[in-house]
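Reminder, nothing fancy here: chain letters follow the sequence lines and each chain counts from 1.
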Number of protein chains: 2
Amino acid sequence: MTSQPATQHATQPAGGPRRRDAERTRAEILAVAQSEFARHGYAGARVDEIAELMRTTKRMIYYYFGSKERLYIAVLEKAYSEVRAVERTVDVEHLAPVEAIRTLAELTFDHHDAHRDFIKLVAIENIHQGEHIRKSEVLANLGAPVLDLISRILEAGRASGDFVTEADAIDVHMMISAFCFFRVANQHTFGALFGRDMAAPEHRERLRRMVGEMTVAYLRGA
Amino acid sequence: MTSQPATQHATQPAGGPRRRDAERTRAEILAVAQSEFARHGYAGARVDEIAELMRTTKRMIYYYFGSKERLYIAVLEKAYSEVRAVERTVDVEHLAPVEAIRTLAELTFDHHDAHRDFIKLVAIENIHQGEHIRKSEVLANLGAPVLDLISRILEAGRASGDFVTEADAIDVHMMISAFCFFRVANQHTFGALFGRDMAAPEHRERLRRMVGEMTVAYLRGA
DNA sequence: ACGTTAATTAACTATCTAGTTCGTAAAACG
DNA sequence: CGTTTTACGAACTAGATAGTTAATTAACGT
């Protein structure tokens, strides 16, 4: 198992002793750790490597986070809460149901496209059977807002007669997420098997339209 | 990071010296390794643990496979070729296009439902950016048969006027796989966030129908 | 029966890795 | 300006882990 060269993350100027800044040091550790966990998995990521990549020592990681596992959990929590922040900015309430759901699908697509480290962290967490996300109360019921939104759109769509299919908000969210997630997460094996890098820019627009049309077509019924 | 108790895999009767059987020993190592890699990831899986779980010694793993990485590759290749074998048994040629594509979607669903270790291995391989699957010629172009099948169904469907949407075989395969893969692979994080275990038996039939309807609806157009 | 070879076992090693100890110096504070 | 607190760094340790060496034993043909 060879390792890719990792990008240098240090915002700390080279040479001379490190200036004291607890906030920045903590934030840097988190950023580098996110990249390393996403790149190598939980067990594959090395505490020494994380330290080295930011011109500090391992000691600081234990000073701020206590253990490798707690660092990993902190990374997960940070990543998930950034996602929540994005989702809250979505305003599709004033749109007609069909356009609302299409827009939501496309925004979800954009979000997955833009946060690839996050996708990998989710994949890693699933390999470990979600044991950390399950522990964290910060992360429980983080999904509620999206579900509310989808529920309202579905109701409006059935009222207007646009949507026929019986499916609840969770199912619809799953359908959209599956498409967006898979495209990014399975890029490499899919590319090897089918000779197309579905996560490459040249396929972006087509697949973005596709997830919207798929969702709308499904809800309209056959 | 706590580890679940692993299921005992030994077909070798306990007690006394091990009977000599190269084929069986090799096969047992592969089976146990598949389970361990799927459970802990590449770096997280332990060579000692694999050996211990089947009442043999680590030396056997090196005797038959040479290194941890080569063992992992062997596991991947075995898993993928089993998949190919299943896909070849699919006979949807005699069905009408709409039923053919729906059946294919549902068979894909069943397959993902039944091979969860395989799904995890794929996820792990993607975390490592597909570096092993890329090396293996056994695995390259393993996807061709499915694509042929889908292509023929799509052509027939457009000829009959059932399908309107312009999408190629790879896109359609991706759409179906995404749904089926996500349901199994992201079971844990999705469950934690939305309070529903989408991979649980009680949701199986509904979601199975859903992937068929989704694909058909998409191809029929809005 | 018996010698050859393939399969198996036990014990060992070099290296890596998470986590620690202890010391220091910059900021904060009076 | 003296003291305390907070941030940082170098070197160390105990245990784990991939990989090896070499002896041993079961199978199998002759």
**Request:** Could you label the plane-to-plane angle of the A:Tyr42 and A:Phe37 rings as parallel, tilted or perpendicular, counting under 30° as parallel and over 60° as perpendicular?
**Result:**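 Taking A:Phe37 first and then A:Tyr42, their aromatic rings lie parallel (interplane angle under 30°).
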
Salt bridge check: are [X] and [Y] linked by an N-O gap of less than 4.0 Å?
X	Y	answer
A:Glu49	A:Arg39	no
B:Arg206	A:Asp168	no
A:Asp110	A:Arg204	yes
A:Lys78	A:Glu82	yes

Please give, in whole Å, the distance from [N] [atom2] to [X] [atom1]?
X	N	atom1	atom2	result
B:Ile50	D:dT17	CD1	P	12 Å
B:Tyr64	C:dT9	OH	C1'	13 Å
B:Met60	D:dA18	CE	C1'	16 Å
B:Ile29	C:dA7	CD1	P	12 Å
A:Arg24	C:dA26	CZ	P	16 Å
A:Asp21	C:dA28	CG	C1'	15 Å
B:Arg20	C:dT4	CZ	P	17 Å
B:Arg26	C:dA7	CZ	P	11 Å

Check nucleotides 15-19 of chain C for protein N or O atoms closer than 3.5 Å to its own N or O atoms and list the pairs.
residue : atom : partner : partner atom : Å
C:dT17  : OP1  : A:Arg46 : NE           : 2.6
C:dT17  : OP1  : A:Arg46 : NH2          : 3.3
C:dA18  : OP1  : A:Ala45 : O            : 3.4
C:dA18  : OP1  : A:Lys68 : NZ           : 3.2
C:dA18  : OP2  : A:Val47 : N            : 3.1
C:dA18  : N7   : A:Lys58 : NZ           : 3.1
C:dG19  : OP2  : A:Tyr62 : OH           : 2.9
C:dG19  : OP2  : A:Lys68 : N            : 3.0
C:dG19  : N7   : A:Lys58 : NZ           : 3.1
C:dG19  : O6   : A:Lys58 : NZ           : 2.5

**Item:** Side-chain N,O (B:Thr56) to OP1/OP2 (C:dT9) below 4.0 Å
**Value:**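 Yes, B:Thr56 has a side-chain N/O under 4.0 Å of OP1/OP2 on C:dT9.
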
**Message:** If you compare every side-chain N and O of B:Tyr63 against the phosphate oxygens of C:dA6 (OP1, OP2), does one of them come in below 4.0 Å?
**Reply:**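 Checking B:Tyr63 against C:dA6: no side-chain N or O falls below 4.0 Å of OP1 or OP2.
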
**Request:** Would you classify A:Phe65 as touching base, sugar-phosphate or nothing, given that sugar-phosphate means primed atoms plus P, OP1 and OP2, and contacts are heavy atoms under 4.0 Å?
**Result:**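 Nothing, no heavy atom under 4.0 Å.
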
**Prompt:** Checking only heavy atoms, does the side chain of A:Arg59 share a donor-acceptor pair with the base of C:dT21 at less than 3.5 Å?
**Reply:**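 In this structure, the two groups form a donor-acceptor pair.
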
**Item:** With sequence neighbours excluded, residues passing side-chain hydrogen bond (donor to acceptor under 3.5 Å, both in side chains) with B:Arg116
**Value:**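 Result, side-chain hydrogen bond (donor to acceptor under 3.5 Å, both in side chains) vs B:Arg116: B:Asp113.
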
**Message:** Going by side chain to side chain contact (heavy atoms under 4.5 Å, CB included), name the residues that satisfy it together with B:Leu147, two or more places apart in sequence or in a different chain.
**Reply:**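 Listed in chain order: A:Phe194, B:Ala169, B:Ile170, B:His173.
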
